[in-house]
Amino acid sequence: IHSFIYHKQWYQRRVRGADNVKQWKCPDGEFIQNLTGHNAILNTLALNQDGVLVSGADNGTIHFWDWKTGYNFQRFQSQVQPGSLDSEAGLFAMRFDHSGSRLITCEADKTIKIYKEDENALEEPINWKPDLLRKKY
């Protein structure tokens with residue numbers, strides 16, 4: 001276990017695995033599901049008060065998840081600073097600020113980046129249903 005996030009309201013925890021995030025229910029430790037999609041080693045997790053879970057990987061991918069459903073609603077690739085190698089795109093740590101609207105990341109290219117919400121983004125209807133066959137391992 002390299003990273004651990006606990007949500008008090010839903011009494012659940014998320015643990016970062018090698019290439020996925022595992023969801024567990026407390027206090028009995030019942031396994032709920034895997035959140036998959038990264039094709040690299042995960043290094044860090046962050047959670048805000050709105051139930052947005054963010055995961056960051058060695059290859060610079062950042063995935064945004066809905067805490068309750070496990071739906072991956074956004075993903076993007078972090079850009080390395082000019083003069084850095086592509087292999088320096090990895091994320092080492094991330095946290096939300098106190099407002100929960102800005103994500104602060106520490107990256108392998110020796111930068112600290114601050115991402116903010118897109119104030120002009122429109123909420124799109126989601127026709128998503130969780131997988132009936134969840135991987136339980």
Side-chain angles (χ1 to χ4, degrees):
I1 296 174
H2 293 268
S3 187
F4 177 88
I5 294 284
Y6 180 76
H7 198 292
K8 296 176 187 176
Q9 182 181 359
W10 290 300
Y11 210 48
Q12 296 175 350
R13 61 184 170 180
R14 301 279 164 94
V15 177
R16 179 194 62 79
D19 63 350
N20 60 31
V21 179
K22 298 183 179 298
Q23 179 181 359
W24 303 86
K25 184 171 177 133
C26 298
D28 57 354
E30 177 188 346
F31 177 75
I32 298 172
Q33 69 178 337
N34 280 323
L35 305 179
T36 59
H38 282 284
N39 292 325
I41 297 171
L42 295 178
N43 287 332
T44 183
L45 298 172
L47 175 69
N48 73 3
Q49 63 268 21
D50 295 328
V52 175
L53 175 72
V54 183
S55 55
D58 264 355
N59 63 356
T61 55
I62 300 174
H63 289 209
F64 291 80
W65 311 84
D66 177 60
W67 178 276
K68 286 166 61 171
T69 63
Y71 175 68
N72 180 215
F73 62 88
Q74 184 179 359
R75 56 180 78 180
F76 68 90
Q77 176 74 36
S78 176
Q79 299 298 317
V80 296
Q81 70 176 347
S84 295
L85 302 171
D86 286 339
S87 61
E88 294 179 318
L91 286 97
F92 290 144
M94 63 173 61
R95 292 289 178 260
F96 281 97
D97 69 349
H98 289 293
S99 72
S101 63
R102 290 182 193 90
L103 181 67
I104 303 165
T105 63
C106 300
E107 303 188 14
D109 64 353
K110 302 173 193 77
T111 61
I112 296 174
K113 296 178 183 158
I114 301 175
Y115 299 94
K116 70 174 190 164
E117 279 185 84
D118 183 359
E119 297 162 357
N120 298 321
L122 300 174
E123 187 172 328
E124 296 179 16
I126 298 172
N127 297 325
W128 177 82
K129 292 185 174 53
D131 295 333
L132 295 176
L133 300 172
R134 293 185 177 176
K135 295 178 184 177
K136 296 214 171 199
Y137 55 87

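Bear in mind the structure is a predicted one, so any value in this text is a computation, not a measurement.
There is a side-chain donor-acceptor pair under 3.5 Å between Ser99 and Asp97.
If you take CG on Asn48 and CZ on Arg102, they are separated by 12.5 Å, rounding to the nearest 0.5 Å. Rounding to the nearest 0.5 Å places CG of Asn72 at 8.5 Å from CG of Leu35. Summarising the geometry, atom CG belonging to Leu103 is positioned 14.0 Å from atom NZ belonging to Lys116; distances are rounded to the nearest 0.5 Å. Here the CE atom belonging to Met94 is positioned 7.5 Å from the CD atom belonging to Glu107, to the nearest 0.5 angstrom. Phe92 CZ to Thr44 OG1: the interatomic distance, rounded to the nearest 0.5 Å, is 11.0 Å. Annotation: the span from His38 atom NE2 to Asp58 atom CG amounts to 10.5 Å, rounded to 0.5 Å.
The main-chain N or O of Leu45 is found under 3.5 Å from a side-chain atom of Arg95 such that the two form a donor-acceptor pair. Here the side chain of Gln23 pairs no donor or acceptor atom with the backbone of Thr69 at under 3.5 angstrom. Put simply, the side chain of Gln81 gets close to the backbone of Asp109: a donor and an acceptor are under 3.5 Å apart.
Looking at heavy atoms from C-beta onward, Thr61 lies out of side-chain contact with Arg75 at the 4.5 angstrom threshold.
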Side chain to side chain contact (heavy atoms under 4.5 Å, CB included), that's the test. Do Leu91 and Asn43 meet it? Break it down for me.
CA-CA 7 Å; Leu91 286 97; Asn43 287 332; 5.5 Å; no
Check against side chain to side chain contact (heavy atoms under 4.5 Å, CB included), Val21 and Leu42:
CA-CA 8 Å; Val21 179; Leu42 295 178; 3.6 Å; yes
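Shown here for Leu47 and Trp67, the closest heavy-atom pair between the two residues is CD1-CE3, 3.5 Å. Contact between Lys113 and Ser78 at its shortest, heavy atoms only, is NZ-OG, 3.3 Å.
Heavy atoms of other residues, nucleotides or ligands lying less than 6.0 angstrom from CD1 of Ile112 number 12 at most.
Grouped by direct or indirect side-chain proximity (heavy atoms under 4.5 Å, Ile/Leu/Val/Met/Phe/Trp/Tyr only), Val80 sits alone.
A search for ring pair (Phe, Tyr, Trp, His ring centres under 6.0 Å) contacts involving Tyr115 returns Phe76, not counting sequence neighbours.
Note: Trp65 and His63 have tilted aromatic rings, judged against thresholds of 30 and 60 degrees for the angle between ring planes.
For residues 76-93, every residue pair satisfying the salt bridge (charged side-chain N to carboxylate O under 4.0 Å, His left out) rule, not counting sequence neighbours, is listed here: Glu88-Lys110.
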